[in-house]
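Heads up: the structure comes next, in structure tokens.
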Amino acid sequence: MTHEAGIPLGIRFKLLSDTPQDSAAQVVGDVVIGDYRDLDTLREFARGCDVITFDHEHVPTEHLRALEADGIPVRPGPDALVHAQDKGVMRARLDAIGVPCPRHRIVADPQDVAAFAAEGEGFPVVLKTVRGGYDGKGVWVVDSVEEAAEPFKAGVPVLAEEKVDYVRELAANVVRSPHGQAVAYPVVESRQVGGVCDTVIAPAPGLDDALALKAEQMALSIAKELGVVGHLAVELFQTRDGRILVNELAMRPHNSGHWSQDGAITSQFANHVRAVLDLPLGDPRPRAKWTVMVNVLGGDYPDMYSAYLHCMARDPQLKIHMYGKDVKPGRKVGHVNTYGDDLDDVLERARHAAGYLRGTITE
């Protein structure tokens, strides 16, 4: 989708992909198959590139520093990206710059988890491996010291956090360029199912204007303080007592910004490309009163083509984005965007289409 956004700008992409079946590898012309964890592979790939950017945070930090030492622009740079790679580093840095977060600390073992729980409201406690987690993976909600043993088996540091009493999850998406220009998208509501993003509503319905502005300003401040270049998604908790707390950071185009493909004047993908190339950023304002994105997860029906045709015929305004992935139960294989003036109607249309594509709705 980032490649698609660069085509009208005449930008040529070179892709390092794990396999030829990866979504981007099916559409980018210049594809190198290789392991992003291997420094020699990265160095060979980077030759001739004007700038390197990412669609995930897992490239080793030390390898990115080596590319920078070789004179290759990396955006976002490793000094910024490490805050999305390592949750412990992120929490320490956000504390240092005064950003509100859930109560937290690194814990050494299950007994230390019990001590952390006792320091606050007790169990349950959220445990996260500091590296490698996404879409609910690497995250546990534990109710006892016995349940706290599993996260330590990964062999990486474990972060303990209070289980926040929140009303809903929000996301503030911003984009920042090397020379400091920055734009903010409307704050959205993000609804999760089983730790996976299911629905995004833009803008977040019923969000107080002052709280929305505070969330946007917080995200812009984080981007500046951390030196982010490109897209930054700041995932937030809206608490029952009226606060917003930072949950996670992502420094790439993000699921909570997929609505912008069809719902904003300039999508997150287009602005990410503009930012990493230090081009003027585009207008992030919404095109419609409401835009809803619903993820399409794989179900028991591997052939979605007939369902795709049905959805297009039933709702000609529907925007369907499929990723070219093999369909597996629970796997994100696409998303649908809808927009309009009536939120209930927009939500129903998006949910019906996503459910029909998955096979959970048959009429």
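Just so it is clear, the structure is predicted and the values come from calculations on it, not from any experiment. Along the sequence shown, residues are numbered consecutively beginning with 1.
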For His104 and Lys128: C-alpha separation, side-chain torsions, deciding distance, then whether side-chain contact (heavy atoms from CB on, under 4.5 Å) applies. CA-CA 11 Å; His104 61 273; Lys128 301 177 179 179; over 6 Å; no
Apply side-chain contact (heavy atoms from CB on, under 4.5 Å) to the pair Thr338 and Val294, showing each step before the final yes or no. CA-CA 9 Å; Thr338 56; Val294 176; over 6 Å; no
Is there a side-chain contact (heavy atoms from CB on, under 4.5 Å) between Val296 and Tyr308? Walk through the geometry before answering. CA-CA 11 Å; Val296 178; Tyr308 186 85; over 6 Å; no
Show, in sequence, the C-alpha distance, side-chain angles and deciding distance for Phe269 and His231, and conclude whether the ring pair (Phe, Tyr, Trp, His ring centres under 6.0 Å) test is met. CA-CA 8 Å; Phe269 301 102; His231 184 270; 8.2 Å; no
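Met293 and Tyr323 fall into different hydrophobic clusters, where Ile, Leu, Val, Met, Phe, Trp and Tyr are joined by side-chain heavy atoms under 4.5 Å apart, directly or via other members. Follow the hydrophobic side-chain contacts under 4.5 Å out from Val27 and you never reach Ile320; the two are in separate clusters. Residues Leu249 and Val175 are members of separate hydrophobic clusters, defined by side-chain heavy-atom contacts under 4.5 angstrom among Ile, Leu, Val, Met, Phe, Trp and Tyr. Connection of Val59 to Val82 is not established within any shared hydrophobic cluster, with ILVMFWY side chains joined at heavy-atom distances below 4.5 Å, either directly or through further cluster members.
In this model, a donor atom of one side chain and an acceptor atom of the other lie less than 3.5 Å apart for His272 and Thr53. Using modelled atom types and a 3.5 Å distance limit, the side chains of Asp262 and His321 yield a donor-acceptor pair.
Minimum interatomic distance between Pro151 and Val158 (heavy atoms only, all atoms of both residues): O-CG2, 3.8 Å. Closest heavy-atom contact between Tyr339 and Thr291: CB-OG1, 3.8 Å.
Counting heavy atoms of neighbouring residues, nucleotides and ligands inside a 6.0 Å radius, atom CG of Asp70 exceeds 12 of them. A 6.0 Å sphere centred on NZ of Lys325 holds more than 12 heavy atoms belonging to other residues, nucleotides or ligands. Residue Arg105 qualifies as enclosed at atom CZ: its count of foreign heavy atoms under 6.0 Å is above 12.
Using a 4.5 Å cut-off on side-chain heavy atoms (C-beta onward), Lys319 and Val336 make no contact. Side-chain contact check for Val164 versus Val126: every heavy-atom pair is 4.5 Å or farther apart. Counting only heavy atoms from C-beta outward, the side chains of Tyr166 and Leu245 never approach each other to under 4.5 Å. For the pair Thr2 and Phe13, the minimum side-chain heavy-atom distance is below 4.5 Å. Using a 4.5 Å heavy-atom threshold, the side chains of Lys289 and Asp341 count as touching. Annotation: side chain of Arg314 is not in contact with side chain of Tyr356 (no heavy-atom distance under 4.5 Å). Side-chain contact between Arg91 and Pro102: present, with at least one pair of heavy atoms (C-beta onward) separated by less than 4.5 Å.
Taking CD1 of Ile265 as the start and CZ of Arg285 as the end, the distance is 4.5 Å to the nearest 0.5 Å. Going from atom CZ of Arg243 over to atom CG of Leu236 covers 12.5 Å, rounded to the nearest 0.5 Å. Atoms CZ and CE, on Phe54 and Met251 in that order, are 11.0 Å from each other to the nearest 0.5 Å.
A salt bridge links Glu119 with Arg103: the distance from a Lys NZ or Arg NE/NH1/NH2 to an Asp or Glu carboxylate oxygen falls below 4.0 Å. Using a 4.0 Å cut-off between charged side-chain N and carboxylate O, Asp345 and Arg349 make a salt bridge. Remark: Asp79 engages Arg65 in a salt bridge, criterion side-chain N to carboxylate O under 4.0 Å.
A cation-pi arrangement is present between Lys14 and Phe45 under the rule of less than 6.0 angstrom and at most 45 degrees off the ring axis.
Remark: side-chain polar atoms of Glu169 are not paired, donor with acceptor, to backbone N or O of Gln192 under 3.5 angstrom.
Ring geometry for Trp259 versus Tyr185: interplanar angle over 60°, hence perpendicular rather than tilted (30 to 60°).
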Show me the side-chain donor-acceptor pairs of residues 4-12 shorter than 3.5 Å, one per line, residues at least two apart or across chains.
none

Pair up each side-chain donor or acceptor in residues 200-222 with any protein partner under 3.5 Å, not counting sequence neighbours, and list the distances.
from, atom 1, to, atom 2, distance (Å)
Asp208, OD2, Ala210, N, 2.9
Asp208, OD2, Leu211, N, 3.3

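Sequence neighbours left out, the pairs with a member in residues 170-198 that pass salt bridge (Lys or Arg N to Asp or Glu O under 4.0 Å) are Arg168-Glu189, Glu189-Arg191.
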